[in-house]
**Q** 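Just passing along the structure, written as structure tokens.
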There are 2 protein chains.
Amino acid sequence: MDRDQTEKDDEGSGRPTLKTLAFMTGLGVTTVSRALKDAPEIGAETRRRVQLVAKQIGYRPNRAGVRLRTGKTNVISLVLNTEREIMSFVSDIIYGVSEVIADTPYHLIVTPYSRSQDPLDPIRYLLETGSADGVIISRTQPNDPRARYMLERGIPFATHGRTDMGLIHPYHDFDNYAFATEAVRHLAGIGRRRLALLAPPVELTYHSHTLNGFTDALSEVGASEIPFNTVSVDHSIDQIRMRTAQLMRRDVRPDGFVSSAAAATLAIVAGIEDAGLKLGRDVDVVSKQSSDLLHLFRRELLVVNENFRLAGAELARSVLGWIGGAAPGSLQSLSMPGEVVAYRRPD
Amino acid sequence: MDRDQTEKDDEGSGRPTLKTLAFMTGLGVTTVSRALKDAPEIGAETRRRVQLVAKQIGYRPNRAGVRLRTGKTNVISLVLNTEREIMSFVSDIIYGVSEVIADTPYHLIVTPYSRSQDPLDPIRYLLETGSADGVIISRTQPNDPRARYMLERGIPFATHGRTDMGLIHPYHDFDNYAFATEAVRHLAGIGRRRLALLAPPVELTYHSHTLNGFTDALSEVGASEIPFNTVSVDHSIDQIRMRTAQLMRRDVRPDGFVSSAAAATLAIVAGIEDAGLKLGRDVDVVSKQSSDLLHLFRRELLVVNENFRLAGAELARSVLGWIGGAAPGSLQSLSMPGEVVAYRRPD
DNA sequence: CCTATATACTGAAACGTTACAGATTGTCAC
DNA sequence: GTGACAATCTGTAACGTTTCAGTATATAGG
């Protein structure tokens with residue numbers, strides 16, 4: 001008896017599979033599979049024919065099939081802290097990543113963890129369940145157990161911010177050293193002499209980058225530091241505001257602030273005004289911001305822009321690059337801050 | 001010849017599968033599978049034994065296996081516009097969803113689309129590739145092709161905002177009608193008589209909700225409307241600012257604003273001040289906000305809070321509920337605005 | 001004409017899971 | 001002792017893909 005033409009009622013119902021394509025082209029499933037990925041041992045005409053039909057009927061490989069067979073998930077996971085992450089960071093970085101993976105087969109999954117959890121938990125989960133081909137983490141620490149763990153397990157990842165463990169891995173970072181030095185120089189340039197720094201939390205790598213830039217520039221310009229390390233950008237608006245107000249009521253108070261985050265800057269300004277002082281007259285503030293809103297808040301503010309969307313794109317490129325076999329050391333990038341910009345009246 | 005004990009070197013290397021469990025317990029793969037999901041025809045002791053071993057060795061079902069076999073993806077997709085979505089919305093809604101799916105097997109994938117694309121594109125993609133068990137969409141329209149499409153295809157979804165097509169589906173919405181009426185009443189209560197509304201974009205359902213609340217309350221309190229519909233909250237900061245300034249320089253200008261979004265409010269205030277007028281004296285502004293920052297911006301601002309994190313949680317609950325077989329009509333929720341709150345000095 | 005080799009294609013097996021259709025017990029009624 | 005029945009367990013197939021180990025045909029070398 002001849003081979004039954006319709007081994008199962010293929011055509012018609014669900015979405016097309018390799019079997020559908022095989023049936024339509026009269027080829028074997030194997031041949032179709034290979035033809036679609038430009039394997040060498042497939043005839044040129046066959047290849048074209050298969051690819052044409054595949055395009056026509058809108059064939060899309062079944063992710064589960066591929067994943068089961070090959071272990072490849074085509075997933076990038078973005079690991080986020082649900083409490084401490086900056087808002088615009090979350091939004092922009094997601095869009096940056098999306099932009100880059102848009103014309104790849106990759107999906108973006110968001111893997112959250114909360115304050116109470118060990119930051120290593122979500123990473124362990126991802127690795128143990130093999131849920132992603134690549135991982136992006138933020139809130140990077142000098143000695144980061146997550147990076148160490150992923151290096152050991154050999155899964156491609158990229159960090160937002162650098163580590164300092166003597167290990168090589170892809171990262172994208174904003175040059176916070178340069179930011180702090182520029183900020184201090186600018187403040188010195190407009191006559192400010194006693195500067196306070198609202199730094200990132202101590203455990204994160206960019207804390208020391210920022211702090212080093214700050215203190216190096218202080219001695220360069222001959223200004224002095226008013227210690228302000230009882231709070232960090234991770235603290236609540238109210239706490240920062242209160243501490244700022246306290247600080248501004250002292251005899252020896254700062255006449256300039258450098259702030260590492262926009263939301264914190266709102267709190268600093270509020271604190272300054274709580275103490276009855278005026279921004280631009282009694283004190284100046286240079287702040288990082290990631291969206292162009294601070295100048296609406298107080299036009300006296302001095303701002304430096306950090307582009308999180310770019311960071312997201314860069315991080316995605318790095319992870320994909322590593323997955324694609326590039327050397328991790330070649331996938332590191334540093335984003336230079338622009339100038340400190342003062343308010344300019346809109347046209 | 002007896003059955004070979006090690007059909008393949010199971011134990012040891014990779015993560016445990018049903019086969020591993022079957023080998024360890026001496027049972028068949030089928031039995032193990034059923035025991036793990038509390039099937040009725042499994043002996044009580046066997047069930048406990050299997051589950052104990054599974055827990056001990058940290059068995060986790062392989063997602064690809066399940067997905068291939070059953071079609072269940074265990075994925076919820078959040079569909080976002082990469083240009084127009086409010087920042088804090090993205091961040092908070094993701095966290096809200098995460099919160100709810102944290103102790104379920106679900107993963108959250110973010111499916112972005114850009115200005116240039118048909119909003120239906122990402123939905124089609126998800127449905128055609130069977131990439132998700134449930135979908136959450138925002139920027140809902142009265143006659144929303146996405147909701148219609150998903151209803152036709154029978155995939156569970158929830159919308160942020162309501163539709164108005166006579167079709168029943170889960171949604172979560174903020175009561176923008178109530179927001180607008182409360183805002184107008186409050187402004188009237190402090191003597192404002194000529195009010196302008198910065199509304200959501202016309203194509204979205206909550207535009208008319210807001211507008212209806214606004215106009216209904218206007219006639220209730222006997223105030224009049226100063227038309228301000230050349231811009232919406234979707235416009236750029238600069239455009240809103242410019243239009244506001246233009247408006248405020250007219251002879252007949254508003255003495256009160258109702259604003260549907262915090263970022264837009266910054267622009268309105270800037271525009272007011274560009275025209276040389278003063279907030280709280282010449283004009284009052286009631287604004288929605290989703291994070292507690294507007295009072296830092298100008299303490300004269302009057303705010304109503306909208307909780308996006310709650311929205312995310314509610315939307316996730318709705319989708320999961322629908323997936324779980326609940327009636328779509330029972331998965332609709334409306335969040336009531338709180339009072340209009342004026343600035344209160346921190347303790 | 002036979003053998004070697006390259007080219008183009010193919011079936012079977014496997015990834016981990018669940019559904020289907022049994023198979024093996026033990027218990028009980030008669 | 002036999003048949004019926006419930007309780008408990010099991011093997012096989014299938015989901016869609018890729019890899020392995022081929023098979024069939026043509027071409028060329030001797």
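Naming convention: chains lettered A, B, ... in sequence-line order (proteins, then strands); numbering from 1 in each chain.
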**Q** Take the protein atom CG of A:Leu21 and the nucleotide atom C1' of D:dT18, then report the distance between them rounded to whole Å.
**A**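 Result: 15 Å.
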**Q** Out of D:dC9, D:dG16, C:dT18, which has the shortest distance to the side chain of B:Lys37?
**A**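 For the B:Lys37 side chain, the nearest candidate turns out to be C:dT18.
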**Q** Could you tell me how far apart B:Asn74 (CG) and C:dT17 (C1') are, to the nearest whole angstrom?
**A**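 After rounding, the reported distance stands at 12 Å.
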**Q** Of B:Glu41 and B:Leu68, whose nearest nucleotide on DNA chain C comes first from the 5' end?
**A**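 Going by which nucleotide is closer to the 5' end, it is B:Leu68.
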**Q** Is the phosphate of C:dT10, meaning OP1 or OP2, less than 4.0 Å from a side-chain N or O of A:Thr31?
**A**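 For C:dT10, OP1 or OP2 has a side-chain N or O of A:Thr31 closer than 4.0 Å.
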**Q** How many Å lie between CG on B:Asp38 and C1' on D:dT8, as a whole number?
**A**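 Nearest whole value for this atom pair: 16 Å.
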**Q** Under 3.5 Å, is there any donor-acceptor pair linking the side chain of A:Thr17 to the base of D:dT17?
**A**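 Looking at the base of D:dT17, it does not pair with any donor or acceptor on the side chain of A:Thr17 (distance under 3.5 Å).
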**Q** So, OP1 or OP2 of C:dC9: does either fall under 4.0 Å of a side-chain N or O from A:Thr30?
**A**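 Indeed not, no polar side-chain atom of A:Thr30 lies that close.
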**Q** Determine whether a donor-acceptor pair (one donor, one acceptor, N or O, separation below 3.5 Å) exists between the side chain of B:Thr70 and the base of C:dA19.
**A**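 Checked by distance alone, the answer is no.
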**Q** Indicate yes or no: does B:Glu99 engage B:Arg309 in a salt bridge with an N to O separation below 4.0 Å.
**A**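 The answer is yes: the pair qualifies as a salt bridge.
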**Q** So, A:Glu314 and A:Arg317, do they make that salt bridge, N to O below 4.0 Å?
**A**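 So A:Glu314 pairs with A:Arg317 through a salt bridge.
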**Q** In whole angstrom, give the distance that lies between atom CG of B:Leu27 and atom C1' of D:dG11.
**A**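 Atom CG in B:Leu27 sits about 14 Å away from atom C1' in D:dG11.
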**Q** Between D:dG16, C:dC15, C:dT17, spot the one nearest the side chain of B:Pro61, thanks.
**A**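 Looking only at side-chain atoms, B:Pro61 lies closest to C:dT17.
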**Q** Check the distance between C:dC9's C1' and A:Arg47's CZ and give it to me in whole angstrom.
**A**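 Between C1' of C:dC9 and CZ of A:Arg47: 13 Å.
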**Q** Of the candidate nucleotides C:dT10, D:dT10, D:dT17, which contains the atom at the shortest distance from the side chain of A:Tyr59?
**A**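 Nearest nucleotide to the side chain: D:dT17.
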**Q** Would you check if the side chain of A:Gln332 reaches a backbone N or O of A:Pro170 as a donor-acceptor pair within less than 3.5 Å?
**A**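 No: the side chain of A:Gln332 does not pair with the backbone of A:Pro170.
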**Q** Between C:dT17, D:dT10, C:dG16, which nucleotide has the shortest distance from any of its atoms to the side chain of B:Val29?
**A**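 Comparing C:dT17, D:dT10, C:dG16 against the side chain of B:Val29, the answer is C:dT17.
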**Q** Send over the distance from A:Lys19 NZ to C:dT10 P, rounded to a whole Å.
**A**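 Result: 16 Å.
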**Q** Taking NZ from A:Lys72 and P from D:dT17, how many angstroms apart are they, rounded to a whole number?
**A**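 Spelled out: NZ on A:Lys72 to P on D:dT17 is 15 Å.
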**Q** Do B:Glu128 and A:Arg15 sit within salt-bridge range, that is, some charged N less than 4.0 Å from a carboxylate O?
**A**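 Judged by the 4.0 Å cut-off on N to carboxylate O distance, B:Glu128 and A:Arg15 do not form a salt bridge.
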**Q** Categorize B:Leu18 for me: base, sugar-phosphate, or nothing, with a 4.0 angstrom heavy-atom threshold over every strand shown.
**A**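 Base: the residue B:Leu18, judged by heavy atoms under 4.0 Å, touches a nucleobase.
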**Q** On DNA chain C, check which nucleotide each of A:Gly65 and B:Ser33 is closest to and give me the residue with the more 5' one.
**A**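 Of the two residues, A:Gly65 wins.
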**Q** Return the nearest nucleotide to the side chain of A:Arg69; candidates are D:dC15, D:dC9, C:dA14.
**A**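 Closest nucleotide to the A:Arg69 side chain: C:dA14.
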**Q** Rounded to whole angstrom units, what separation is found between the CZ atom of A:Arg34 and the C1' atom of C:dT7?
**A**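 Between C1' of C:dT7 and CZ of A:Arg34: 13 Å.
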**Q** Within the distance-only criterion (no hydrogens, no angle test), does the side chain of A:Arg63 pair as donor or acceptor with the backbone N or O of A:Asn74 below 3.5 angstrom?
**A**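 Yes; judged by distance alone, with no hydrogens or angles, the pair exists.
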